[in-house]
Amino acid sequence: MILKRCFNQHASCRARETVNGPEFRELTHALAHSLALDPTPTNVAGVPSWFRQGFCGGLGLALLIGLFLIWLWQPERQVNRHTENFLRTIEKRNWTGVADFIGNDYQDQWGDDRARVLERMREVLRYLRRIRIGATNAAVRIDSQRGYWNAKIIIDGDHSEGMALVKERVNSLATPFELEWRRQSAKPWDWKLVRVSNASLEIP
């Protein structure tokens, strides 16, 4: 929530989920220990101790925020976070949010552009209730301004004829899905989905 109003990025990719991670807690603890101040009030060269401690504390906080942003904005982490939240947004049927993840130049192996893939998702999910989308063995690869997320996708939800058909077609695939993301600008959080592929999946 700290960075919620400070940066123009996807709401799902903000820091509120990240600050609770064990890696960042360890980083915070180590930095706080290294910046521990001497509580004994002293004066050096006429500078009040409260001023020095306040200045050092502010400097330490700025350094902590800088390290946090470097950690958060690593390309691998951004691509992984974007993908996770893209799937969660599909589950919620938030089509405005889903569209915000997809680049205007989107093209996939089944001949869908941005408008067509959004239309297809609406058509399929219309017949599915409480859909859940999971991923196993996820891996991220970065190549310059592009990021590639690979994982086996598992779909589940309330039992229905439509759900049984989707699970049969998707969950049985031997090859993983690949989601290709492209960084759109110098902003480290500005990634858009430009392609989805799976060599084993055939869609009429």
Side-chain angles (χ1 to χ4, degrees), residues 4 7-15 17-18 72-157 162-163 165-204:
K4 183 175 181 182
F7 304 97
N8 180 23
Q9 59 176 320
H10 292 302
S12 54
C13 304
R14 292 170 184 152
E17 297 177 7
T18 311
L72 176 65
W73 287 341
Q74 291 174 358
E76 294 86 351
R77 195 175 307 281
Q78 282 293 302
V79 168
N80 192 58
R81 182 67 66 185
H82 273 64
T83 303
E84 290 176 354
N85 288 284
F86 175 63
L87 299 180
R88 300 291 80 77
T89 306
I90 294 174
E91 290 178 344
K92 296 174 183 177
R93 294 175 169 81
N94 177 2
W95 301 120
T96 300
V98 171
D100 193 43
F101 281 99
I102 302 175
N104 293 328
D105 56 346
Y106 176 91
Q107 290 286 337
D108 62 35
Q109 72 175 55
W110 305 285
D112 299 325
D113 59 11
R114 184 175 184 270
R116 180 56 179 154
V117 75
L118 286 167
E119 180 184 350
R120 277 191 163 181
M121 282 192 285
R122 288 192 186 98
E123 290 175 354
V124 172
L125 267 68
R126 183 182 305 168
Y127 304 101
L128 307 179
R129 298 181 59 189
R130 298 182 184 177
I131 186 173
R132 296 180 294 278
I133 307 174
T136 60
N137 301 322
V140 175
R141 175 172 56 89
I142 301 298
D143 182 7
S144 186
Q145 300 298 306
R146 295 176 182 265
Y148 301 87
W149 180 92
N150 288 269
K152 180 177 177 58
I153 288 180
I154 304 296
I155 295 179
D156 200 1
M163 179 61 72
L165 178 61
V166 170
K167 290 171 66 174
E168 179 183 354
R169 293 287 301 276
V170 175
N171 295 358
S172 61
L173 293 173
T175 56
F177 280 85
E178 180 175 88
L179 276 64
E180 179 182 337
W181 298 83
R182 182 183 299 157
R183 187 169 169 179
Q184 302 292 303
S185 68
K187 299 173 183 177
W189 58 83
D190 190 13
W191 293 81
K192 296 289 186 181
L193 181 66
V194 295
R195 182 175 174 82
V196 175
S197 60
N198 187 310
S200 300
L201 179 60
E202 296 182 3
I203 299 178

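Only this structure's heavy atoms are used, side chains among them; waters, hydrogens and symmetry mates stay out. Residue numbers start at 1 and run along the sequence shown.
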Exercise: identify the closest heavy-atom pair between Val170 and Ile155
CG1-CD1, 4.0 Å
Applying the side chain to side chain contact (heavy atoms under 4.5 Å, CB included) criterion to Lys192, which one of Gln184, His82, Arg114, Arg183 satisfies it?
Gln184
Partner residues of Asp108 under the salt bridge (Lys or Arg N to Asp or Glu O under 4.0 Å) criterion, sequence neighbours left out:
none
How far apart are the closest heavy atoms of Trp110 and Leu201, and which atoms are they?
NE1-O, 2.9 Å
Any residue meeting salt bridge (Lys or Arg N to Asp or Glu O under 4.0 Å) with Arg126, in chain and number order, not counting sequence neighbours
none
Could you tell me which residues satisfy salt bridge (Lys or Arg N to Asp or Glu O under 4.0 Å) with Arg129, sequence neighbours excluded, listed by chain and number?
none
Nearest heavy-atom approach of Thr175 to Ser200 is OG1-OG, 2.8 Å
Going by side chain to side chain donor-acceptor pair (under 3.5 Å), name the residues that satisfy it together with Asp105, two or more places apart in sequence or in a different chain.
Arg182
Is the CD atom of Glu123 crowded by more than 12 outside heavy atoms at less than 6.0 Å?
yes
Electrostatic pair Lys167-Asp156, nearest N-O below 4.0 angstrom:
yes
Counting C-beta onward and ignoring hydrogens, is there a side-chain heavy-atom pair between Glu178 and Arg141 closer than 4.5 Å?
yes
Between Leu193 and Glu180, what is the shortest heavy-atom contact and its length?
CD1-O, 3.4 Å
For Arg116, the side chain to side chain donor-acceptor pair (under 3.5 Å) test, sequence neighbours excluded, returns Glu119
Ile142 CD1 to Arg77 CZ distance, which is reported to the nearest 0.5 Å:
11.5 Å
Those residues at least two apart in sequence (or on a different chain) that pass side chain to side chain contact (heavy atoms under 4.5 Å, CB included) with Asn80 are Glu84, Val140, Trp149
What are the two closest heavy atoms between Leu118 and Val98, and how far apart are they?
CD2-CG1, 3.6 Å
Please give me the minimum heavy-atom distance between Phe177 and Val196, naming the atom from each residue.
CD2-CG1, 4.2 Å
